[in-house]
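When a ligand or atom number is given, it counts from 1 through the structure's own listing order.
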Amino acid sequence: KEERLEWFQDAKLGIFIHWGIYAVNGIDESWSFYNGYITYPDYMEQLDGFTAKNYNPKDWAKLIAESGARYTVITTKHHDGVALWNSKHSDLNVIDKTPAKKDVITPFVDAARKEGLKVGLYYSLLDWSHPDYPNFLRNKKRYDQDDKRWNNFTKFNFGQIKELTKYDPDLYWFDGDWEQSAEKWKAKEMRELLLKETPNTIINSRLQGYGDYATPEQGVPITRPDSNYWELCMTMNDSWGFQHNDKNYKSVNQLIRILVDCISMGGNLLLDIGPKADGTIPQEQIDILKGIGRWTNKHKSA
Ligand code: JFZ
């Protein structure tokens, strides 16, 4: 049993945050251009609409704490490659490229910690905007053989991940590992780097076998997973990021049942919210977080 994993085993509820330029049009995060629903240039035009002008990270942190969650995970970069912190490795970030003009990660990390929350950072290993990333817009053949370009990308990826270590995250939540092998990501080296820089951290499962815990797929597992540490991530409606047309919210009671199912089998629920481009959280999502909080806070000592 590892000490650094102890808080996680008892965390029960975490709140996931998918925030990015995709909230401007309210479309699928990154997948909308990958799947051809919108052109890449049109997708990137959303940069101009990412204002964050009503962004209040203290309110976010307070609301998350009020839900009874013990940790939170925020997207620092989705598959679209747009960094939400002040990355020096690419100017495709919200400071240089959007009217928000500010690092939105640092104040959130600070506010969440003040609320006593553990903080996780979501980072997409794959980057569909990077010119040296293979498979861009499914153009696999063109890049796959090119070691030089892959080495460039690897350097870039390690550079950005190294930057994230400055936050001393309690958790790294990687995504997008399915597009390359462990060898190509240098997953082992990545894990070693992270545990060297931030020894108390936890790494999620999406690092081609080099993570610390399991992620059951497609809903609540029917029986207790083999792993002592696991987490189900789930949306409140049918979208990760903000989508104004998606009103298909689960009820508070449904979500509490899912939460209890996870807890009863020794796992955690990472429940997702998708703030709007101005930084406000949709009212339905606020209501759900408060609704869950009314229940969890009755059971705080449990
Ligand atoms: C990935 C992303 O592509 C998606 O946009 C979102 O960020 C989500 C949290 O993660 O999508 C996945 C990847 C794997 C599974 C589900 C959604 N899975 O293994 O069940």
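Looking at atom 20 (O) of ligand 1, its nearest protein heavy atom turns out to be E217 CG, 3.4 Å. The protein heavy-atom contact nearest to atom 15 (C) of ligand 1 is R206 NH2, 3.2 Å. The protein heavy-atom contact nearest to atom 7 (O) of ligand 1 is H18 NE2, 2.7 Å.
Formation of a donor-acceptor pair under 3.5 Å by the Q46 side chain with backbone atoms of Y43 is found in this model.
Each of the following atoms of ligand 1 lies closer than 4.0 Å to a heavy atom of W31: 2 (C), 3 (O), 4 (C), 5 (O). Heavy-atom contacts of H79 reach the following atoms of ligand 1: 2 (C), 3 (O) (cutoff under 4.0 Å). Taking every non-hydrogen atom of W178 and a distance limit under 4.0 Å, the qualifying atoms of ligand 1 come out as 3 (O), 13 (C).
In summary, the side chains of Y249 and Q285 do present a donor paired with an acceptor at a separation below 3.5 Å, with no hydrogens or angles considered.
Looking only at side-chain heavy atoms (C-beta outward), Y172 and Y122 stay at 4.5 Å or farther from each other. No side-chain heavy atom of S205 sits less than 4.5 Å from a side-chain heavy atom of W230. Counting heavy atoms from C-beta on, the side chains of L271 and I292 come closer than 4.5 Å.
Every N/O-N/O distance between W173 and ligand 1 stays at or above 3.5 Å. For ligand 1, none of its N or O atoms has an N or O atom of W240 under 3.5 Å away. The shortest N or O to N or O distance between E29 and ligand 1 is under 3.5 Å.
Selection from T215, D272, D175 by nearest heavy atom to atom 2 (C) of ligand 1 gives D175.
Between R206 and D175 a salt bridge is recorded (basic side-chain N to carboxylate O distance below 4.0 Å).
For the pairing with D212, the side-chain contact (heavy atoms from CB on, under 4.5 Å) check across L171, L207, I203, N204 returns one residue only, I203.
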